[in-house]
Amino acid sequence: MTMIEAIRDAMDVMMARDEKVVVFGEDVGYFGGVFRCTAGLQQKYGRTRCFDTPISESGIVGTAIGMATYGLRPCVEIQFADYMYPAYDQIVSEAARLRYRSNGEFTCPLVIRMPTGGGIFGGQTHSQSPEALFTHVAGLKTVVPSNPYDAKGLLIAAIEDPDPVIFLEPKRLYNGPFDGHHDRPIIPWSKHELGDVPSGHFTLPLGKASVVRTGSAVTVLAYGTMVYVAQAAAAESGIDAEIIDLRTLIPLDLETIVASVRKTGRCVVVHEATLTSGYGAELAALVQESCFFHLEAPITRVTGWDTPYPHAQEWDYFPGPARVGRALVEAVEA
Amino acid sequence: MTMIEAIRDAMDVMMARDEKVVVFGEDVGYFGGVFRCTAGLQQKYGRTRCFDTPISESGIVGTAIGMATYGLRPCVEIQFADYMYPAYDQIVSEAARLRYRSNGEFTCPLVIRMPTGGGIFGGQTHSQSPEALFTHVAGLKTVVPSNPYDAKGLLIAAIEDPDPVIFLEPKRLYNGPFDGHHDRPIIPWSKHELGDVPSGHFTLPLGKASVVRTGSAVTVLAYGTMVYVAQAAAAESGIDAEIIDLRTLIPLDLETIVASVRKTGRCVVVHEATLTSGYGAELAALVQESCFFHLEAPITRVTGWDTPYPHAQEWDYFPGPARVGRALVEAVEA
Amino acid sequence: MSEPEPLSLHVPEPAVRPGGSPDFSNVKIPRAGAVPRPEVDVDPEAIRELAFSIIRVLNRNGEAVGPWAGLLSDEELIEGMRHMMTLRAFDARMLIAQRQGKTSFYMQHLGEEAISCAFRRALSPGDMNFPTYRQAGLLIAGGYSMVDMMCQVYSNSRDPLKGRQLPVMYASKEHGFFTISGNLATQYVQAVGWAMASAISKDTKIAAAWIGDGSTAESDFHAALVFASTYKAPVVLNIVNNQWAISTFQGIARGGSGTFAARGLGFGIPSLRVDGNDYLAVYAVAKWAVERARRNLGPTLIEYVTYRVGAHSTSDDPSAYRPKAESDAWPLGDPVIRLKNHLIVKGVWSEERHKQAEAEILDTVIAAQKEAESYGTLHAGGKPSARDMFDGVYAEMPPHLRRQRQQAGV
Amino acid sequence: MSEPEPLSLHVPEPAVRPGGSPDFSNVKIPRAGAVPRPEVDVDPEAIRELAFSIIRVLNRNGEAVGPWAGLLSDEELIEGMRHMMTLRAFDARMLIAQRQGKTSFYMQHLGEEAISCAFRRALSPGDMNFPTYRQAGLLIAGGYSMVDMMCQVYSNSRDPLKGRQLPVMYASKEHGFFTISGNLATQYVQAVGWAMASAISKDTKIAAAWIGDGSTAESDFHAALVFASTYKAPVVLNIVNNQWAISTFQGIARGGSGTFAARGLGFGIPSLRVDGNDYLAVYAVAKWAVERARRNLGPTLIEYVTYRVGAHSTSDDPSAYRPKAESDAWPLGDPVIRLKNHLIVKGVWSEERHKQAEAEILDTVIAAQKEAESYGTLHAGGKPSARDMFDGVYAEMPPHLRRQRQQAGV
Ligand SMILES: Cc1ncc(C[n+]2csc(CCOP(=O)(O)OP(=O)(O)O)c2C)c(N)n1
Ligand SMILES: Cc1ncc(C[n+]2csc(CCOP(=O)(O)OP(=O)(O)O)c2C)c(N)n1
Ligand SMILES: [Mg+2]
Ligand SMILES: [Mg+2]
């Protein structure tokens, strides 16, 4: 199953189980979404459970909040994460705070899905990774799956969650794991064990990281596409890295992180978003606070540069295996 | 001069010098702003240079961007930082990226002023400190003055800057330095040396921090209201802290920070915004990276909690001198 | 073509500023009873003119006239009278309490009582309002506990919202009163979503959205109209035009259109204007719109023409930006006095009964206040705990918040 | 009252989907010449009906008729013809280039060429367009270098935007073409701000805002109308209704109003609908609106009724959501063919001259393409440097970016 199919399957399973689950967004209904994540759902569940919306991200999220407080469980799509900004007020000022400010009179079980990340020559408006803009907001959960299996289990968990969940889908992983070697073909998910996704209902807990490679030399904290880049970097640099796929950024599985860093004594954080005030800053701050006396080298960050996402210079911008590999070597040699 | 007067004076000086400077926002014209920062400017410069706008933050910033690309230098007010979210798309996707994406064909010399921070029983919609949502965005500069002198010098520099500047005004400092002792009267700026502001034109560079207390035991990184809280904390805990008022967050004066931390070997970061993914995370990440081998204790952060800003529990939420003082002691004893 | 003249920017200004004498000659007010009452399934294009007139029922003599009259019994009218008087008394007491430092902030309804009080009566149990801070009449007229309201205003130990929210930002699901947002306009579109959810669920409940004249300029107003129009959501879209948005007169938000109701025309939404100081007219129009929504005929936009007699909030002093006597000159009068006159004309009320009712109501409000104050006020007596501050951010507290609570030592 | 019936959600659907036969019987098309031409200083309320009709000049026989006709000379019309043909040829070549992997992405104008090409002619030097990705005719008709456009599309070493922007997101101050945003609608309100700045500065320049039918749902559309209406900004607010927004038919954005032009009515903005496939009508209406702006009479809203004949972009395949032959059934025809017929009827053009012009134009476009490709294409030949990626984020590079550039080793 591709990641697209896994995401669709999660919504399909939940729409079948719970008629409160509704799915909508731009081009999401008849056509099934520009990435086809919702293909077939309107045909199967009817036009009032899965439908096209006007091009208004604040309208999509705003109405979804209203629906959630009514008692539905909307799972809406923002066509690209780069287009979530018009909805940001609704997300931050409303979805995230309804439960708190009303002392639970009103709650907001809502999932907002959006494709993130670059690597598709999408330029500044089809490549962004705005996760840090969500992790700073109390009341939101933020999830970033890295494979079809996780995507399905986490998306079902997100839909069942009683609070708003931001579900970020690294679009470069939709069809197969991408390790940053853009000049090589990707293995499709059908040939990858994590593409083997059980049918029916299952969940993965929000807040549990996964150690995707055990190692002793350095801990790498990554999520989404960077999980594969880190794996490639470890293989190519020969550094025995322990690679943790965070899977959910909030709540964060700090325990797993701390256990690993205390073991390796070194830590490299990798993400595609711009460096400054990226989620890597929070990770570095937490790790140094929690593991200070175990650290043998400064925690470094390998990230997108502090520029808008460029079109032609995509592979200069993208933190690929060479850059990550260098950081691993430096961390170990420091 | 109060901080309000200093801010007004900066706009006044610039409006007099440069007819391209225009000032607008909600209640900014005839009435002169809910905090009176623009009082008298419409009377002095006329209704087309200083005017009231419809209640539409995206309209305010969107039109200001259009004006800036025409060649004016708009300095607009968002009534409270808590209300900037509807304008966030315009700020992030447009103002911040115009120069870059057009390769300088179009530029955006724009100042967006907004009162930030709590301590006035303003609850969740009149108390926020969203600076980290700006520091993550490439193309923006972010300024937080802590006294009338700085406010005037930095605001003039911001208006003269060729790029968009976010100008955050800690509202709790408008009338005098506030050290977190809410049960004690504040000294008005008129009795404070930094309330002594030269008339006419002068600037402070964007990107230079100021060491407001020299010390040897621990470096405190703070900005806005927290500068005074940190001073009170140092005085009350008896810790010989070196306190740095960052003044501008982007560009950051990393040099001054690093020199101090290398000297003290310890660092506490203080801000009012929520902890997770706050600007303190970036500071901690940078400091551990730049000063790793000089650090004798983990860098800690004293911040607002990861909840919306509560109304009744304001003083439980606000990082006051007791909490900061404890952190100083812990940093030194660690 | 000849050289064009230089352009100049048009910046609207109110007719009068402090120092001038109030002038509402630009407010065109049709006779009571003059505006027709169409069928609820009328073609919206056929009633465009209703967006430019004012539906009125009570005339100068205190009589109820025209096609929108005759919907309420004497008992109902008297009850409505009591609701408005209660809201006014409640406001008066809370304003004093704020001045006494018992709370940080308050917002009153003076002059606008008819709108939320009468509207509430047109709703059925289960319907949901998405109010702004100036519709507490929905709670008062709906029988919500005044003590609970005051406890919220005081952020005390019995505050239903645990001290987390600013005063007057009430929330009660049972009373069809959505948690008020301090952010303007955000909830307008949520109301549309709530109504869509009711339709998706084949329910019979409808929603009511509320916004002020100034706030119609916000973007979410547009999103609400777009979605309501496209999906024919069962929602009543209310605009309370009280002439002012803090210090900004309504001409700044309204721009070149004659009215706020006109905004609905571009969406094919039936759009009505009503005398907001006329309890009977408000009720009649609300009932019409509610029926449209209930019968799945889609949204209705209503502009209530009224006047904000008091300051914007306790942080505001309107004498800085408008003539002091402006409210006296307001041509639509005072909603309480107008209903009182009507009841007297009808012979079911008198000056004496009015005074008596006033005294009774004041007693009730004061009793509620005493009780509320026994649970504390903002800076004295019982109050929510610091633990309450950490609760309810999520259904279940995540580890990082547990750590923070521990650090806070609570 | 009896128990209400359950509600149900209304979700608009286009008349036909793939498999069905195209049906535009719902598109009401008035005769050419039928719509009156008001004075530019007309009271907006007096011309409300123009928002529900379609201004047309070219009739079925290729004649220019009615009060909006007669504004362009034969030479001007022939030039217009060449502009449209050039844009079409340019698009065709770039589509092929994209398929050949010479760039990542392309967006064409097929069927919509008249709009941007004719509008451009109504502007004066110094005026500023805030275009979307489907108005390259403004550049072609304005004489901007095709080589430069192609270099941008190829992100090559001569790309004026240094490879930073997606293909087709051109920018040229000199040519009155604002840097296109990939984010929809954001620039609509910027255009209003630019126009306000011109008025504040007592300049004579005006702005033109551009948006698609689907994007009118975005919030910034509202902000633009609010500000334009309030400050009477000298701006022309263009809506290109090409019936589709990617896979979503215009009924989803339009909702219950009959037209997109109707959106302007709630703001007191004169709102016109025009046949977007009629070069003469587009020019006439554009000129009318530009004159209003120039004479400080304020904004005008124009809806261009047209049809997106091609795919949304090279990433899209419309056969998945609309009948294949739908574009053939489009009742307003093709703008190039219609102007061609008109010129032939006038006796100033012929099939032969048309073919010849086509060949000439193709040669010119191919020559430009050759030159552009000599500077590289996306994955081959010359290209912008990694240093270019770090430049221009700020006027002056701040220390943290200098550090990063150093780390990147460039
Ligand atoms: C998004 C946002 N912007 C600004 C404000 C500040 N503000 C609070 S009330 C108000 C005026 C609202 O006026 P109106 O909508 O007419 O309502 P009224 O107060 O007259 O009932 C303003 C500007 C806010 N609360 N939210
Ligand atoms: C804010 C935002 N949301 C969504 C998109 C994705 N998107 C790009 S074009 C498009 C359709 C626009 O349709 P319309 O406005 O009718 O213009 P057209 O393409 O037909 O010219 C969408 C949804 C975007 N670019 N920006
Ligand atoms: Mg108002
Ligand atoms: Mg379109």
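The structure presented is a predicted model; accordingly, all values stated were derived computationally and were not measured. Below, read A as the first sequence line, B as the second, and so on, with proteins coming before strands; counting in each chain starts at 1.
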Under 4.5 Å from any heavy atom of chain D, what part of [X] do you find: side chain, backbone, both or neither?
{"X": "V61(B)", "answer": "neither"}
{"X": "I60(B)", "answer": "both"}
{"X": "A138(B)", "answer": "both"}
{"X": "P162(B)", "answer": "side chain"}

Using only distance, no hydrogens or angles, which N or O donor-acceptor pairs sit under 3.5 Å between chain D and chain B?
unit_1  : atom_1 : unit_2  : atom_2 : d
P160(D) : O      : N103(B) : ND2    : 2.9
R164(D) : NH1    : Y100(B) : O      : 2.9
R164(D) : NH1    : N103(B) : OD1    : 3.2
K173(D) : N      : E105(B) : OE1    : 2.6
T179(D) : O      : R101(B) : NH2    : 3.1
T179(D) : OG1    : R101(B) : NE     : 2.7
I180(D) : O      : R101(B) : NE     : 3.3
S181(D) : OG     : E94(B)  : OE2    : 2.5
N183(D) : ND2    : S93(B)  : OG     : 3.4
T186(D) : O      : Q90(B)  : NE2    : 2.9
T186(D) : OG1    : E94(B)  : OE2    : 2.8
Q187(D) : OE1    : R101(B) : NH2    : 3.3
Q190(D) : NE2    : Q90(B)  : OE1    : 3.0
Q190(D) : NE2    : E94(B)  : OE1    : 3.1
D203(D) : OD2    : Y70(B)  : OH     : 2.5
D220(D) : OD2    : Q90(B)  : NE2    : 3.2
Y231(D) : OH     : D52(B)  : O      : 2.5
M389(D) : O      : Y100(B) : OH     : 2.6
G392(D) : O      : Y100(B) : N      : 3.4
Y394(D) : OH     : G139(B) : N      : 3.2
Y394(D) : OH     : L140(B) : N      : 3.3
Y394(D) : OH     : L140(B) : O      : 2.6
A395(D) : N      : D163(B) : OD2    : 2.7

Over all atoms of both residues, closest heavy-atom pair of [X] and [Y]:
{"X": "L252(B)", "Y": "L249(B)", "answer": "CB-O, 3.3 Å"}
{"X": "I159(B)", "Y": "C75(B)", "answer": "CD1-SG, 4.1 Å"}
{"X": "F119(D)", "Y": "A286(D)", "answer": "CD1-CB, 3.4 Å"}

Item to check | Candidate pair I91(B) and I112(B), rule side-chain contact (heavy atoms from CB on, under 4.5 Å), full reasoning | outcome: CA-CA 9 Å; I91(B) 297 171; I112(B) 308 178; 3.7 Å; yes
Is it the side chain or the backbone of [X] that comes within 4.5 Å of chain B heavy atoms, both, or neither?
{"X": "M389(D)", "answer": "both"}
{"X": "L166(D)", "answer": "neither"}
{"X": "A191(D)", "answer": "neither"}

Item to check | Minimum side-chain heavy-atom gap L206(B)-L154(B) below 4.5 Å | outcome: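 Sidechains of L154(B) and L206(B): in contact.
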Item to check | Worked check of side-chain contact (heavy atoms from CB on, under 4.5 Å) between I269(D) and L225(D) | outcome: CA-CA 8 Å; I269(D) 297 176; L225(D) 266 64; 4.2 Å; yes
